Trainee: 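There's a structure below that I have some questions on.
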Amino acid sequence: MWDRLLTDCHVLTMIPSPGNPLGLINNAAIGIHDGRIVRVGRRTELAGTRAGEVVPLGGAFVTPGLIDCHTHLVFGGTRAGEHARRRAGATYEEIAREGGGIASTVRATAAASVTELLDQSRRRLHALMRGGVTTVEIKSGYGLDPAAELRLLNVIRTLARSEPARVVPTLLALHALPAGADRDSFVDRMIEDLVPTVARLGLATSVDAFCEGIAFTPAETERLFEAAAAHGLPVRLHAEQLSNQNGAALAARHNALSADHLEHLDEAGAAAMAAAGTVAVLLPGAFYTLRETRQPPVDLLRKHGVAMAVASDCNPGTSPNLVPQLAMNMACNLFGLTPEEAIAGMTSHAARALGLADEVGSIAPGKAADLAVWRIAEPAELGYWLGLMPERRIFGGVEQ
């Protein structure tokens, strides 16, 4: 006997077929047992199945729980003042070079106690969960020295152990150079000391870097990726956001799970990503907040068959977004994604970007029963309404 049977619903399995890009099953039912999906199909096919609880959903749509595959959720303070400065004409690069930007968040994060960081981050996580997110990636990166980065990763671990959402920790080892630091010594310490420690303690499932003119060079990024591989950690990369550093191609050479941002991606980078199976993570919140004008080359990504994920990029400086539907809406309205692409971007493709496609992101037997139930008339509404909340959120088969 199954634990639960969800009936009278329309299911977006996110397993596409010809003419059915979202794998829609109308008048469907989903069987759940021990936190796993055991069967999905038309309601008539599952009629008579014995279950501990039968839950009629009244014609609602069911999707995989949304996946926010790129966030910087753990930080102290805000950067609302920089928002005002940008409106007055200052650029992201100018603010960063004057000690603002990431450096200001590093200072605020260091000043916050662990309890304060947990409380602030938990509120942000709960906001994403209310929007239907059941899996969220959280990066470190606001520590800028090994001890401070380990502190942040331990905060992320505490969140993971105390919340029903699936939390995926990422070590953002090369995010920014601290003011006055010796560049070579800093890079050596983060690569040679921090990466092995994080791997030994199991505090992260991947390693990331910011490869950009105002951040770290391709050569430094490559050293980090080699160290990550030596310790069994896959990699991801902030690439081609403000300029073309050929970071996407570098990421692809190292079989990166994803390359993120990509406003300045060129065809060689897109082709390399396609060959490696590296997912493109589009972050329209940062594009919007920074008032950028150069869009990621979505047509180029389509041409090469690169999977496109969509994420909030929640962070205090360039994407203070806690609404997953807003990320999908922006991906459509600013970047030209179709509603179907945006939904896949926060489900199946986002799962691939985290290396979790066998676990979440689609509704199929054996997958985790992480689901969102929506009172909508058609799937396109998911990227249409701003702030649409699911009727039910199910984490591992348990309703929250």
Side-chain angles (χ1 to χ4, degrees), residues 10-17 19-24 61-71 127-137 258-263 265 270 273 279-289 292 295-314 319 321-354 356-357 360-363 370-390 393:
H10 309 293
V11 176
L12 303 183
T13 67
M14 303 313 301
I15 301 171
S17 61
N20 189 5
L22 300 179
L24 172 63
F61 279 78
V62 181
T63 69
L66 300 183
I67 299 169
D68 197 345
C69 67
H70 182 128
T71 83
L128 290 173
M129 290 164 60
R130 285 193 296 272
V133 169
T134 59
T135 297
V136 58
E137 184 259 14
S258 72
D260 305 25
H261 286 291
L262 302 175
E263 281 86 339
L265 179 71
M273 290 176 65
V279 176
V281 178
L282 306 183
L283 305 172
F287 176 91
Y288 167 81
T289 302
E292 296 287 351
Q295 301 163 320
V298 167
D299 285 340
L300 196 60
L301 294 167
R302 288 180 182 133
K303 172 185 172 182
H304 288 278
V306 178
M308 292 181 287
V310 175
S312 72
D313 191 18
C314 175
S319 189
N321 176 22
L322 293 169
V323 182
Q325 291 75 27
L326 179 58
M328 288 192 283
N329 179 280
M330 286 180 169
C332 294
N333 288 333
L334 299 180
F335 292 169
L337 267 63
T338 66
E340 293 82 3
E341 287 173 328
I343 295 168
M346 291 204 80
T347 54
S348 56
H349 292 166
R352 285 184 55 189
L354 296 179
L356 292 176
V360 292
S362 58
I363 299 176
D370 295 347
L371 307 169
V373 180
W374 310 88
R375 187 63 59 181
I376 55 178
E378 58 180 316
E381 291 187 52
L382 293 175
Y384 166 74
W385 293 110
L386 303 181
L388 177 72
M389 299 296 170
R393 295 162 298 143

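What you see is a predicted model, and the numbers here were worked out from it, not measured in a lab.
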Trainee: Indicate yes or no: at least one non-hydrogen side-chain atom of Leu24 is less than 4.5 angstrom from one of Val11.
Mentor: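 Result no, sub-4.5 Å side-chain heavy-atom pair not found.
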Trainee: Measure across Leu12 and Ile363 and return the closest heavy-atom pair with its distance rounded to 0.1 Å.
Mentor: O-CD1, 3.6 Å
Trainee: Is the shortest heavy-atom distance from the side chain of Val360 to the side chain of Leu354 under 4.5 Å?
Mentor: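 The answer is no; the side chains never approach within 4.5 Å.
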Trainee: Identify the heavy atoms of Trp385 and Gln325 that sit nearest to each other, and give their distance.
Mentor: O-CB, 3.6 Å
Trainee: To the nearest 0.5 Å, what is the distance between CZ (Phe287) and CG (Leu334)?
Mentor: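 One finds 6.0 Å between CZ of Phe287 and CG of Leu334.
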Trainee: Could you tell me whether the side chain of Asn329 and the main chain of Gly383 form a donor-acceptor pair under 3.5 Å?
Mentor: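 Such a contact is found between Asn329 side chain and Gly383 backbone.
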Trainee: Where the side chain of Glu340 meets the backbone of Pro21, is there a donor-acceptor pair that is under 3.5 Å apart?
Mentor: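 The answer is no, because no donor-acceptor pair under 3.5 Å joins these two groups.
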Trainee: Could you check whether any side-chain heavy atom of Leu301 comes within less than 4.5 Å of a side-chain heavy atom of Leu265, counting everything from C-beta outward?
Mentor: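 Sidechains of Leu265 and Leu301: in contact.
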Trainee: Output the distance between atom OG1 (Thr134) and atom CG (Asp68), rounded to the nearest 0.5 Å.
Mentor: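 Separation between the atoms: 10.5 Å.
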Trainee: Return the CG to CZ distance between Leu337 and Arg302, rounded to the nearest 0.5 Å.
Mentor: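 If we round to the nearest 0.5 Å, Leu337:CG and Arg302:CZ are 6.0 Å apart.
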Trainee: Apply side-chain hydrogen bond (donor to acceptor under 3.5 Å, both in side chains) to residues Ser312 and Asn321 and explain how you reach the verdict.
Mentor: CA-CA 6 Å; Ser312 72; Asn321 176 22; 5.2 Å; no
Trainee: Please find the pair of heavy atoms, one from Val279 and one from His349, that lie closest to each other, and give the distance.
Mentor: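 Val279 and His349 have their closest heavy atoms at CG1-O, 3.9 Å.
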Trainee: Is the closest side-chain heavy-atom distance between Phe61 and Pro379 below 4.5 Å?
Mentor: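 Yes - at least one pair of side-chain heavy atoms lies under 4.5 Å apart.
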Trainee: Mind checking whether Met273 and His304 have side chains closer than 4.5 Å, heavy atoms only?
Mentor: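 When only atoms from C-beta onward are counted, His304 and Met273 do not touch, as no gap falls below 4.5 Å.
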Trainee: Looking only at heavy atoms, which two atoms of Ala372 and Gly132 are closest? And how far apart?
Mentor: CB-O, 4.3 Å
Trainee: Say whether, by atom type as modelled, one donor and one acceptor occur between the side chain of Thr347 and the main chain of Pro64 under 3.5 angstrom.
Mentor: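 Not a single qualifying donor-acceptor pair exists.
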Trainee: Considering non-hydrogen atoms only, spot the tightest contact between Ala280 and Leu262 and give its length.
Mentor: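 Minimum heavy-atom contact is CB-CD1, 3.4 Å.
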Trainee: Could you grab the distance from atom CZ of Arg393 to atom CG of Leu66, nearest 0.5 Å is fine?
Mentor: 11.5 Å
Trainee: Rounded to the nearest 0.5 Å, what separation is found between the CG atom of Asp313 and the CD atom of Glu137?
Mentor: 9.5 Å
Trainee: Please report the shortest heavy-atom distance between Val281 and Cys69, naming the atom on each side.
Mentor: CG1-SG, 3.8 Å
Trainee: Would you give the length of the straight line joining atom CZ of Arg352 to atom OG of Ser258, rounded to the nearest 0.5 angstrom?
Mentor: 11.0 Å
Trainee: Under 4.5 Å between any side-chain heavy atoms of Met14 and Leu22, yes or no?
Mentor: yes
Trainee: Which label fits His261 and His70: parallel for a plane angle under 30°, tilted from 30 to 60°, or perpendicular past 60°?
Mentor: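 Taking His70 first and then His261, their aromatic rings stand perpendicular (interplane angle over 60°).
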Trainee: Do Leu283 and Asp260 make a side-chain contact, defined as non-hydrogen atoms from C-beta onward lying under 4.5 Å apart?
Mentor: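 Yes. Closest side-chain heavy atoms under 4.5 Å.
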Trainee: Among Thr135, Ile67, Val310, Thr63, find the one that has a side-chain contact (heavy atoms from CB on, under 4.5 Å) with Met346.
Mentor: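 Looking at Thr135, Ile67, Val310, Thr63, the match for Met346 under the side-chain contact (heavy atoms from CB on, under 4.5 Å) is Val310.
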